[in-house]
Amino acid sequence: MSDTVTTTTTAPVRAGAPPIPARRGALLWHSLALARRNLAKIRRNPVSIGDAVLAPVLFLVVFVYMFGGAVGGSTHAYLQRTLPAILVLSAIMAGMIATGVNLSIDIKKGIFDRFRSLPIGRSAPLIGSVLADVVRYLVAVATVFVVGFLMGFRVQTSPLAALAAAGVTIAFGMALSWVWVLLAMVIRETTLVQTIVSLSIFPLAFGTDMVAPVDTLPGWLQAWARVNPIEHTMAASRGLLVGGDTAVPVVESLLWSIGLVAVFAPAAVVAYRRRT
Amino acid sequence: MGNVFEAEGLVKRFGRTTALAGIDLAAAPGSVLGVLGPNGAGKTTAVRILATLLAPDEGRATVAGHDVVRDAPRVRELIGLTGQYASVDEDLTALENLVLIGQLLNLRRREARPRARQLLARFGLGEVAGRKVATFSGGMRRRLDLAASMIGNPAVVYLDEPTTGLDPGKRGDVWRMIRAMTRDGGAVLLTTQYLEEADALADDIVVIDQGRVIAHGTAAQLKALVGGHTIEVRPADPTRLADVITVLGTVAGHRAETPRRDVATVQVDGDGALDETVRRLRAAGIGVAELALRLPSLDEVFFALTGHGAQRPDESGTSKEDAA
Ligand SMILES: Nc1ncnc2c1ncn2[C@@H]1O[C@H](COP(=O)(O)OP(=O)(O)O)[C@@H](O)[C@H]1O
Ligand SMILES: [Mg+2]
C-alpha cells in the first residue's frame, strides 16, 4: 500500500528461475535482434548514412568529368567502363567508413558490457553490426545506379545481371568489413582505427583498373592489381553490367568473399573475446 | 541456505597495477551486499569478474555453484548487470531497450513486450516507455538500467555505483527500487562510494581499499567502529557561530569543529544527541538556517579504519602493492 509503484505488478517468475531455453538458430535470432538495434539508430539519425550517398556521387562526377575525356576518350564511353568499378568502390567505402569505427565507439560504451554479460554467442553483437550495414551498401549501390543512369549509363546485359552485380558487390563489401571489425577489436583508439581504415582505401581501390587500364600502371602496381581481391569484384561487376568475361571473375570474387569471412570473422570474435 | 554467489581470494592485476589483491565476497539469497570503497578501490574490477567479463588472475568465484570462468555461459543465465556507465542505448526508446534484452534472453517479441512494459511500470517509467533514452534525466536512465538487469529474473544483480552522479534528492527513488529488487529472492551486489547508501540498502557491507577488504560487517557494526553520527549546524546569524560551538561541545562532551566558515559540526554517539541539540539551541535563542544529522563520509570512515583518508592508489604510491 505504501509503495504503490513497486507493488502494482509482481513478476510471475522467481529470481533465478531456469532461463527460457534457446530456440534453434539462437545465434541468428540474437544477431538479427542486435542488427535491428543498429537499424533503429540509423532510422533515428538518417544523416549518419549521408556518406553512403555523397561518396558515390562524388566518385561518379569526379572520375567521369575529370578523367573521362583524358583517359576514356569520351565521358560517355568512360562512364560505361568505370561505373561498374565505382559501384564496387562505393560499396566498400560505405562499409569501411562505418563498420569498424562505429563498433570501436560502441564497444567502449556500457551497453557492450551488458551484451557480454548475457547468455548470447560472443559473435552476435559483431554479426549484428555487420548485418545492419547492409542498409549502407544498399543505399550506396542504389545511388550509383540512379546517378549513373542520370549521367547516361545504361546496363548492357539484363536487369537480373544488374541485380547479380549488386549482390556480388554487397557480398564482397560485407566480407571485407570483417577486416575492419578485427581492427576495431584489436586497436583501442578509435581515431587510429579511423586512420588505418581511411588509408587502406588507397592501395585497395586504386591498385585496380578502375581509373585507368591495368597495362598503363607501373609494373609493381600491376602486380598488386592482379592479386588485389577488389580487382576481381570490379571485373565481375563489369561483366555483369556491360558484358564480357563474367563467370570467372564472379567465382573469384565469391571465393574471396568466403575466404575473407572465414579468416577475419573468427579472428575478430577471438579478439573481441580477449578484450577486457 | 547457501550463498548465491561467492568469491574467494580474487586477485587481478593490470600490468603493474594490482586492482584486486585477494578479496572475498558472498551474499545469501534475498540479501544485498554493499561493497564500499573510494575511486580506484577495485569495485568495478570485482563486479566485472563476477559478471564473467574478466577472468581473475588468482582465486575463484561462483554463482549458484557455477564457476564464473569455466561455466561462464551458465553463469550469464543467472545474472543481471547494471554497469557503472550507462548500459542502455541512448538512441533507442526505453521500451526498445528492454525488448532487445528480452529477445537476447530468448523471449519472443510478443513475450518480450509485456515483460518490458511490466518492468517499466515497476520502475516508474510506464509513461515514458516510447521516449528516446537520450531525452531522459540521469535518474530515469538509472532506473531503466535497473529494469534492464531484471528482465531475465536473475538470481544475482550487480549494480555498480547505481547513484553516482545523481542529485541527492533523486537517490531516494533509486534506493526504493533497489530495495524491491530482492523481493523475488534474488541477491544484489551493490558498489558505492557512500556509506549512507550502503547503510540504507545493504544487509552486509564490505569496505575495500586498494583491492583489499579492510572491514566487513553490518551497517551498525561499521558505524560503531567509525563513531556514530555527525551533527551539523549552520546558524541563521553567522555571528552566533561561537555560541553554536559551545552548545555542540556541551552536547557531545568534546570540541566541535568548523569545517566551513559558517558551519559547526560535532561527532555524537547517542540517539538523544539531536533532540538535546535542538533544545539547547532554542534555549540559547539561536536561530538555525540548517541542521543535519548525517553519517560519517567515506573519508571519515577511511580515516577511522586506516588512519588515512580515502586515497586513490596512484596518489599513495606503490609501496602497498609491492608488499603484497
Ligand atoms: N582495464 C584496465 N586496465 C588497466 N588498469 C585498470 C583497468 N581496469 C581497472 N584498472 C585499474 O585498477 C584499479 C581498480 O579499478 P576499478 O576496479 O575500476 O576501481 P573502482 O571501480 O573501485 O573505482 C584502478 O587503479 C584502475 O586504474
Ligand atoms: Mg568503478
> Heavy-atom distance under 4.5 Å to chain B: side chain of A:Arg36, backbone, both or neither?
Replying inline: side chain
> In terms of side-chain geometry, is the basic nitrogen of B:Glu161 or B:Lys43 positioned less than 4.0 Å from the acidic oxygen of its partner?
Replying inline: yes
>> For B:Asp67, is there an ion pair with B:Arg70 - N to carboxylate O distance below 4.0 angstrom?
In response: yes
> At a heavy-atom separation under 4.5 Å, does A:Leu32 approach chain B through its side chain, its backbone, both, or neither?
Replying inline: neither
> Counting N and O atoms only, with roles assigned by atom type, does the side chain of B:Asn97 sit under 3.5 Å from a partner on the main chain of B:Thr93, one being a donor and the other an acceptor?
Replying inline: yes
>> Report which part of A:Leu118 has an atom under 4.5 Å of a heavy atom belonging to chain B: side chain, backbone, both, or neither.
In response: both
> Can you tell which of B:Asp89, B:Thr52, B:Thr182, B:Val157 has the highest number of heavy-atom pairs within less than 4.5 Å of chain A?
Replying inline: B:Asp89
> Does B:Arg74 reach the main-chain N or O of B:His66 with its side chain, forming a donor-acceptor pair under 3.5 Å?
Replying inline: no
> B:Leu54 versus chain A, heavy atoms under 4.5 Å apart: side chain, backbone, both or neither?
Replying inline: side chain
> Would you call B:Asp173 and B:Arg176 a salt bridge, taking side-chain N to carboxylate O under 4.0 Å as the test?
Replying inline: yes
> Looking at B:Leu100, B:Leu104, B:Leu81, which one has more heavy-atom pairs under 4.5 Å with chain A than the rest?
Replying inline: B:Leu104
> Ignoring hydrogens and geometry, is there a side-chain-to-backbone donor-acceptor pair from B:Asp145 to B:Ser87 under 3.5 Å?
Replying inline: yes
> Which residue out of B:Ala72, B:Ala64, B:Ala148, B:Gly126 racks up the most heavy-atom pairs below 4.5 Å with chain A?
Replying inline: B:Ala148
> Which of the residues A:Ser117, A:Ala124, A:Ala40 is involved in the greatest number of heavy-atom pairs with chain B at under 4.5 angstrom?
Replying inline: A:Ser117
> Where on A:Arg122 is there a heavy atom nearer than 4.5 Å to chain B: the side chain, the backbone, both, or neither?
Replying inline: side chain
> Would you say A:Lys41's side chain and B:Leu92's backbone share a donor-acceptor pair under 3.5 angstrom?
Replying inline: no
> So what's closer than 4.5 Å to chain A heavy atoms on B:Arg179: side chain, backbone, both or neither?
Replying inline: neither
> A:Phe112 versus chain B, heavy atoms under 4.5 Å apart: side chain, backbone, both or neither?
Replying inline: neither
> Between A:Arg44 and B:Asp91, is the closest basic N to carboxylate O distance under 4.0 Å?
Replying inline: no
